[in-house]
Amino acid sequence: LAGARLTTIEGIGSGPEKLHPVQRSFVLHGAVQCGFCTPGMVITATEFLARQPHSDRSEMAGAISGNLCRCTGYSKILDAMENVAEEVVVPEHLPPPAPRACSPAAASTAAGRAVFSPGSMAELWVILSDHPEARVFAGGTDLLIWLRGRRIDPPSLINLAKIETLRGIGEDSHWLRIGAGTSHAALLDDPRITTMFSVLSQALQTLGSPHIRRMGTIGGNIVTASPAGDTLPPLQVLDAEVELCSVAGMRRMVISDFILAPGKTALRPGEILTAVFLPKPADHVFQHFEKVGLRSAMACAIASLAAVIGVSPDGRIESARLAWGSVGPTVARIPAIEAALIGETLSRKTLESVIPLVATGISPLDDVRASTAYRRLVAGNLLLRLMKFAPPSAGMQAEGLPMEKSL
Ligand SMILES: Cc1cc2nc3c(=O)[nH]c(=O)nc-3n(C[C@H](O)[C@H](O)[C@H](O)COP(=O)(O)OP(=O)(O)OC[C@H]3O[C@@H](n4cnc5c(N)ncnc54)[C@H](O)[C@@H]3O)c2cc1C
Ligand code: FES
């Protein structure tokens, strides 16, 4: 948070005489019961409504999807938001954040640990060579959890978020280049991602919550290499490549070679992930991502499926790339299924014929979120459910799409 301005609930309004309009609306509409979630709800609602006062109820529900309320059932909170939307302004009485110098010498400390914030790649290489044991981070949405849980204990940290060149999206005629420090929210705001790479944007919409998507980065999601990392199945079916840099130079590799095991990548000491390259897809490919979790927002995947399928004008499958998440140590591709689909029409019968092969290509865990058997069931049904989402031009008929159909 170095250099950031932080507004707590007291900065929005406090005390019966100083309630902010959003707080008054929460009281009027019965949106407060035990009150445990209320400060977070009010802050999230205030920030969102000040930015997007003309939103509809479903957009408001999306905005608060990262805030859990165990009492109200959310509908009264949404009533309160709808009825105050146009009155909301963010309190402006706080001073702007003071500009901070960012140089290798300008380290701050957090819990007794030095935190460096380089402003350029040149500064980063100097810090990394002076502090080879330091751990880099971008949004910190994974790293802070591990620090708090004492799963890691690096002597110092390097914040990549101030390095401008690690963020943003560029393109040439063949590739889109995404800086590793680009946030999930920035990707969702870019029409090139939502139109050309809809399998990725659909996955990003399910990742965490608006708060997590604003802080978390694509680079962090890749390097975490979680079996449940939501960008990994789409990046695999899009044939993404990663760019890795160190003071010694740069190298590039396909993402399937980069992710080695849960939490393990091909990054070498002193190297960071600088960018992700996506080849521009051919026209006429159907892209789809679906994730099943324990709830619809802020849920880790129990199983997910990313699909990029090329279909000829007469409805025959010309190319098929399918990748499952959360059903094995790394993303599962099943070459036998992809090969079996080529030349077939995209129909329920075709998909049912390859369902038995799904079980042979996945090795799901039995854990607190789901049993192995349930994950197997969902992995197969996600494939059948492609029919629900394929455009009519892909020749599919959407009949009977049970999530409960047995493998
Ligand atoms: C409440 C909550 C909900 C979440 N929900 C989801 C979800 O639904 N789906 C999902 O996939 N994830 C989820 N996550 C996990 C996390 O938000 C994502 O993985 C996010 O993309 C991580 O990005 P970051 O920038 O915050 O990574 P950081 O925490 O900054 O870093 C993560 C790891 O990557 C390394 N790293 C980061 N950037 C680089 C780089 N450029 N080069 C080399 N190493 C780097 C760090 O050293 C660290 O090991 C959730 C997290 C939280 C806290
Ligand atoms: S009012 Fe009790 S958790 Fe929301």
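Because the structure is predicted, anything quoted here is derived from the model rather than measured. Values below: all heavy atoms of this structure, side chains included; hydrogens, waters and symmetry mates excluded. Counting convention: from 1, in listed order, for ligands and their atoms alike.
Looking only at heavy atoms of the protein, atom 3 (S) of ligand 2 is closest to R70 N, 3.3 Å. At the shortest separation from atom 49 (O) of ligand 1 among protein heavy atoms lies R135 NH2, 2.8 Å. For atom 9 (N) of ligand 1, the closest non-hydrogen atom of the protein is D230 OD2, 2.7 Å. In this structure, the protein non-hydrogen atom closest to atom 26 (O) of ligand 1 is T141 OG1, 2.6 Å. Here the heavy atom of the protein found nearest to atom 33 (C) of ligand 1 is T224 OG1, 3.4 Å. Atom 37 (C) of ligand 1 has as its closest protein heavy atom G220 CA, 3.7 Å. Distance from atom 25 (O) of ligand 1 to its nearest protein heavy atom, with residue and atom name: T217 OG1, 2.6 Å. What sits closest to atom 5 (N) of ligand 1 on the protein, heavy atoms only, is G208 CA, 3.4 Å. The protein heavy-atom contact nearest to atom 46 (C) of ligand 1 is V136 O, 3.1 Å.
Residue contact check for ligand 1: G140 places a non-hydrogen atom closer than 4.0 Å to it. Residue H211 places no heavy atom under 4.0 Å from ligand 1. Within the structure, the closest approach of A299 to ligand 1 falls below 4.0 Å when heavy atoms are considered. Close to ligand 1: H184, with a non-hydrogen atom less than 4.0 angstrom away. Residue contacts with ligand 1 include A228, since one of its heavy atoms falls under 4.0 Å from the ligand.
Below 3.5 Å of separation, one finds an N or O of D142 facing an N or O of ligand 1. For ligand 1, the polar-atom distance check finds no N/O of E271 at less than 3.5 Å from any of the ligand's N/O atoms. Polar contact check, C300 against ligand 1: no nitrogen or oxygen pair lies under 3.5 Å apart. Note: no N/O pair closer than 3.5 Å links M298 and ligand 1 by distance alone.
More than 12 heavy atoms of other residues, nucleotides or ligands sit less than 6.0 Å from atom NZ of K280. Around atom CZ of R295, more than 12 heavy atoms belonging to other residues, nucleotides or ligands sit under 6.0 Å away. In this structure, R70 places its CZ atom where more than 12 heavy-atom neighbours from other residues, nucleotides or ligands lie under 6.0 Å away. No more than 12 heavy atoms of other residues, nucleotides or ligands lie within 6.0 Å of CD in E164, so this atom counts as exposed by the packing criterion. The neighbour count for M250 CE, taken as heavy atoms of other residues, nucleotides or ligands under 6.0 Å away, does not exceed 12.
With a 4.0 Å heavy-atom cut-off, ligand 1 is reached by the side chain of I145 but not by its N, CA, C or O. Contacts between L160 and ligand 1, counted as non-hydrogen atom pairs separated by less than 4.0 Å, involve the side chain only. When heavy-atom distances to ligand 1 are checked against a 4.0 Å cut-off, T231 has no atom that comes that close, whether in backbone or side chain. By the criterion of a heavy-atom distance under 4.0 Å, the side chain of I212, and not its backbone, is placed next to ligand 1.
R375 has no carboxylate O lying under 4.0 Å from a charged side-chain N of D366, or vice versa, which leaves the two without a salt bridge. Using a 4.0 Å cut-off between charged nitrogen and carboxylate oxygen, E344 and K349 do not count as a salt-bridge pair. R177 and E243 are joined by a salt bridge, as a carboxylate oxygen and a charged side-chain nitrogen come within less than 4.0 angstrom of each other. Between R385 and E290 a salt bridge is recorded (basic side-chain N to carboxylate O distance below 4.0 Å). Between D189 and R213 there is no salt bridge, since none of the side-chain N atoms of the basic residue sits less than 4.0 Å from a carboxylate O of the acidic one.
Against a heavy-atom cut-off of under 4.0 Å, G229 is close to the following atoms of ligand 1: 11 (O). Interface atoms of ligand 1 facing K291, defined by a heavy-atom separation under 4.0 Å, are 8 (O). Listed by number with element, the atoms of ligand 1 under 4.0 angstrom from any heavy atom of F137 are 30 (O). Interface of G35 with ligand 2, defined as ligand atoms under 4.0 Å from a residue heavy atom, comprises 1 (S), 2 (Fe). In the vicinity of L143, heavy-atom distances shorter than 4.0 Å reach the ligand 1 atoms 29 (O). Of all atoms in ligand 1, numbered sequentially from 1 with element shown, those under 4.0 Å from a heavy atom of G139 are 24 (P), 25 (O), 26 (O), 30 (O).
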Requested in this report: Please test V115 against I158 for side chain to side chain contact (heavy atoms under 4.5 Å, CB included), starting from the C-alpha separation and ending with a verdict.
Outcome: CA-CA 6 Å; V115 183; I158 302 176; over 6 Å; no
Query - CA sep, side-chain torsions, deciding dist, call: R192, E171, salt bridge (Lys or Arg N to Asp or Glu O under 4.0 Å) - result: CA-CA 10 Å; R192 288 169 294 188; E171 67 180 308; 3.1 Å; yes
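For S55 (side chain) and Q52 (main-chain N/O), a donor-acceptor pair under 3.5 Å exists by modelled atom type. Judged purely by atom type and a 3.5 angstrom limit, K291 uses its side chain to pair as donor or acceptor with the backbone of A299.
For S347 and T350, the side-chain atoms include at least one donor-acceptor pair closer than 3.5 Å. Between the side chains of N221 and T231, at least one donor N or O sits under 3.5 Å from an acceptor N or O.
Residue side and main chain included, C71 places no N/O/S atom under 2.8 Å of atom 4 (Fe) of ligand 2. Atom 2 (Fe) of ligand 2 has no N, O or S atom of C69 under 2.8 Å away, backbone or side chain. Note on C34: counted as a metal contact of atom 2 (Fe) of ligand 2, an N/O/S atom lying under 2.8 Å.
A cation-pi arrangement, defined by a distance under 6.0 Å to the six-membered ring centre and an angle within 45 degrees of its axis, is present between R252 and W175.
One option in L232, L124, V223, L147 has a heavy atom closer to atom 35 (C) of ligand 1 than any other, and that option is V223. The heavy atom nearest to atom 10 (C) of ligand 1, out of those in T206, L207, L166, is found in L207.
At least one side-chain heavy atom of L341 sits under 4.5 Å from a side-chain heavy atom of L351. Using a 4.5 Å heavy-atom threshold, the side chains of V358 and W324 count as touching.
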